[in-house]
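These notes concern the structure reproduced below.
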Amino acid sequence: MVKHTLAKNIDKHLNETVTLKGWVYNIRKSGKIWFLIFRDGTEFIQCVILKDEVSSEVFDLKNTLTQESSLAIEGVVQKAPRQKFGYEILVKNIKVMQIAEEYPISLKEHGIEFLLDNRHLWLRSKKQNAILRIRHEIIKASRNFFDDRDFTLIDSPMFTPNASEGTTTLFKTKYFDQDAYLTQSGQLYSEAGIMGFNKTYCFGPIFRAEKSKTRRHLTEFWMIEPEMAFYDINDNMDLAEEFVRYIVEQVLKNRKKELEILERDTSKLEKITLPFPRITYDEAVKILQDNGRDFKWGDDFGAPDETLITKKFDTPIMIHHWPAETKAFYMKRDENDDKFVLGVDMIAPEGYGEIIGGSQREEDIDLLLSRIKKENLSEEMYNWYIDLRRYGSVPHSGFGLGLERTVSWICGNQHIREAIPWPRTITRLKP
RNA sequence: UCUGGAGUAGCUCAGUGGCAGAGCGGGUGGCUGUUAACCACUAGGUCGUGGGUUCAAAUCCCUCCUCCAGAGCCA
């Protein structure tokens, strides 16, 4: 039975004596009174130490305690109108667990490289705490969203023998006496899943060996991928926008304090209402050309293009009906015009880029086989996938949401690296 | 891979040809309500690496290394 109190619950113990266990965040000394800013991972709270209220040993700790020293504090909970949190502790006793060595992360500014080198310590700081709590909230909201809509969680493997898209961006690894790749997407496996479970989602890490060095890229990131039997591209878009709206709503509702710590302009998030604009690829190209950009039909949009297109809207937007040439083999062609595939990208506002990619999948075995041949993919490798078109093929759709981009957007982060506890980038494998 | 930027104290940075600096952090002392507290004193340096120019290089030139931002690619 745990006998100490969590700092976040201190308001339930007004005028009572409590024991808190945690770490020193900061100390302010002033002769016969000193202040200890305490954190325990749930909240920051000021503790007041008066010479007349404690033993001289405890009072003299002001000279030995260092930032991040671990301790247990016994004291009385008092109202403190001058404090942001509203409460403080009048200390009666302090038990030191360990005096911390000189802590590298000070209360002043640091550079991103230094902070990432010290990620194991940086996790303790206020903003990182807020971001990762919001990440937690987004994951929880995602699972609730799908669980409440008759989806079953069917996770995909991390080791795969084949690629869902091109092979140049795959991490290759030894798998006993075979070669294996780290997964880029759980989609193909999810397509098998829905034939057994109707609607599924998978949630796990994804690996991309892209040599991208921007604030929007990680080599290891997490993706939430729902897949639905009997959904067409429009059903797919309906679900995607409802999903994103729900996530934003849950964070606004349950993580007010964290958004405030991050100084997020929440008015921008409150504008995320349904429906999201849906424009075709052709319409998006027209927006670019009308704004004087030299854009060639058939190309994919670059980051500056995406930002320009989204600037016209307050909410995320969905771009659908893409030129077939640049898109993956499994996307279903538009029956009215086979130049296009029934793919959709959702682009977040404020320049945070693509957060969702999805499509209606090709369910016709002959069309699928011809795509596989045309792209020189191994038919043998995809045999199990082609089986899904042999045994009761149905129209189906799905999409994947990049978790860290979504976290970054909702938090208003400068860096996607802050949206994951242990970021992996092209130049970073530690800590 | 390409383009641009940076590397000076533990950290964040100033110094751009003539004595190696500041703030924070560390140490010592002071202060009874502090809010990234404040005040005084103090310790702390292979100026990324290797070479070159010069009476003299952190500073100018070249090599390499590392990191950052972006492009391409992508979520």
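No experiment lies behind these values; they were computed from the predicted model shown. The sequence lines fix the lettering, A, B, ..., with proteins before strands; numbering per chain opens at 1.
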Answer yes or no: does atom NZ of A:K327 have more than 12 heavy-atom neighbours from other residues, nucleotides or ligands under 6.0 Å? yes
Quick check on the 6.0 Å ring-centre criterion: do A:W322 and A:F301 meet it? yes
Under 6.0 Å between ring centres, would you say that holds for A:F221 and A:F207? no
Rounded to whole Å, how long is the line connecting atom CZ of A:R216 with atom C1' of B:rG72? 11 Å
B:rG25 and B:rA75: how far apart are their C1' atoms, nearest whole angstrom? 39 Å
Sorted by number, the residues of residues 309-325 of chain A with heavy-atom contact under 4.0 Å to RNA chain B: none
Heavy atoms under 4.0 Å, any strand shown: does A:L218 hit a base, just sugar-phosphate, or nothing? base
Please pick, from B:rC73, B:rC68, B:rU32, the nucleotide with the shortest atom-to-atom distance to any side-chain atom of A:H217. B:rC73
Select base, sugar-phosphate, or nothing to describe what A:R215 touches, counting heavy atoms under 4.0 Å on all strands. sugar-phosphate
For RNA chain B, find the residues of residues 297-305 of chain A with a heavy-atom distance under 4.0 Å and give them by number; none if there aren't any. A:D300, A:G302, A:A303, A:P304
Separation of B:rC67 P from A:D117 CG (nearest whole Å): 10 Å
So which protein nitrogen or oxygen atoms get under 3.5 Å of nucleotides 25-27 of chain B's nitrogens or oxygens?
none

What's A:F221 touching, base or sugar-phosphate or nothing? Going by heavy atoms closer than 4.0 Å. base
Which nucleotide, if any, forms a Watson-Crick or G-U wobble pair with B:rG44, using both distances under 3.5 Å? none
Which parts of residues 29-39 of chain A get close to RNA chain B, meaning a heavy atom less than 4.0 angstrom away? A:K29, A:S30, A:G31, A:K32, A:I33, A:F35
Roughly how many Å apart are B:rA9 and B:rA56, using the P atom of each and rounding to a whole number? 26 Å
Regarding A:K126 and the six-membered ring of A:Y25, is the cationic atom NZ or CZ under 6.0 Å from the ring centre and inside 45° of its axis? yes
Aromatic ring centroids of A:W222 and A:F203 under 6.0 Å? yes
Over-ring placement of A:R149 relative to A:F145, 6.0 Å and 45° cut-offs: yes
When rounded to the nearest Å, what value does the distance between P atoms of B:rC65 and B:rC74 take? 29 Å
Taking the C1' atom in each of B:rA14 and B:rA22, what is the distance between them to the nearest angstrom? 7 Å
Pairing partner (Watson-Crick or G-U wobble, both distances under 3.5 angstrom) of B:rU54: none
Return no unless some side-chain N or O of A:T427 is found under 4.0 Å from OP1 or OP2 of B:rC68. yes
Whole angstroms only, please: what is the CZ-P distance between A:F203 and B:rA75? 17 Å
May I ask you to say whether A:K268 pairs ionically with A:D314, meaning some side-chain N is under 4.0 Å from a carboxylate O? no
Could you check whether A:I356 gets within reach of a base, just the sugar-phosphate, or nothing at all, counting any heavy atom under 4.0 Å? sugar-phosphate
Report the residue (A:R417 or A:G400) whose heavy-atom-nearest nucleotide on RNA chain B is the more 5′ of the two. A:R417
Tell me which nucleotide among B:rA69, B:rU12, B:rA75 gets nearest to the side chain of A:E109. B:rU12
Backbone N/O of A:A100 and side chain of A:T66: donor-acceptor pair under 3.5 Å: yes
OP1 or OP2 of B:rA69 under 4.0 Å from side-chain N/O of A:H415: yes
In residues 340-353 of chain A, which ones come under 4.0 Å of RNA chain B, going by heavy atoms? none
Output the rounded distance in Å from CZ (A:F207) to P (B:rC73). 24 Å
Before we go on, tell me: are the rings of A:F313 and A:F276 under 6.0 Å apart, centre to centre? no
Decide if atom CD of A:E109 counts as having more than 12 heavy atoms of other residues, nucleotides or ligands within a radius under 6.0 Å. no
What residue among A:F159, A:W384, A:Y201 forms ring-ring contact (aromatic ring centres under 6.0 Å, His included) with A:Y189? A:W384
Check the surroundings of atom CZ in A:F171: do more than 12 heavy atoms from other residues, nucleotides or ligands lie under 6.0 Å from it? yes
Round to the nearest Å and state the distance from A:K327 atom NZ to B:rC73 atom P. 11 Å
Just name whichever nucleotide pairs with B:rU49, Watson-Crick or G-U, keeping both distances under 3.5 Å, else none. none
Take atom CD of A:E260 as the centre, draw a 6.0 Å sphere, and report whether it contains more than 12 heavy atoms from other residues, nucleotides or ligands. no
Please work out if A:K211 contacts a base, only the sugar-phosphate, or nothing of the nucleic acid, heavy-atom cut-off 4.0 Å. base
Distance, rounded to the nearest Å, where A:L121 contributes CG and B:rC11 contributes C1': 13 Å
Just how far, in rounded Å, is P of B:rA75 from CD1 of A:I416? 12 Å
Taking pairing as Watson-Crick or G-U wobble with both contacts under 3.5 Å, can you name the mate of B:rG70, or confirm there isn't one? B:rC2
Categorize A:R428 for me: base, sugar-phosphate, or nothing, with a 4.0 angstrom heavy-atom threshold over every strand shown. nothing
Between B:rA40 and B:rC31, how many Å separate the two C1' atoms, rounded to a whole number? 12 Å
Give A:E404 one of three labels, base, sugar-phosphate or nothing, depending on what nucleic acid heavy atoms sit under 4.0 Å from its own. nothing
Please measure how far the P atom in B:rC61 lies from the corresponding atom in B:rA6, and state the result in whole Å. 12 Å
How is A:E88 classified with respect to the nucleic acid when contacts are heavy atoms under 4.0 Å: base, sugar-phosphate, or nothing? base
Expressed as a whole number of Å, how far does the P atom of B:rU46 sit from that of B:rC67? 22 Å
In whole angstroms, how far is the C1' atom of B:rU1 from the CD atom of A:E210? 15 Å
Set of side-chain hydrogen bond (donor to acceptor under 3.5 Å, both in side chains) partners for A:E53, sequence neighbours left out: A:K92
Only pairs with both distances under 3.5 Å count, Watson-Crick or wobble alike; so what is the partner of B:rC38 in this structure? B:rG30
Between A:I426 and A:I27, name the one whose nearest nucleotide on RNA chain B is closer to the 5' end. A:I426
Does B:rG7 pair with anything, Watson-Crick or G-U wobble, both distances under 3.5 Å, and if so, with which nucleotide? B:rC65
Rounded to whole angstrom, note down the P distance from B:rG33 over to B:rC38. 16 Å
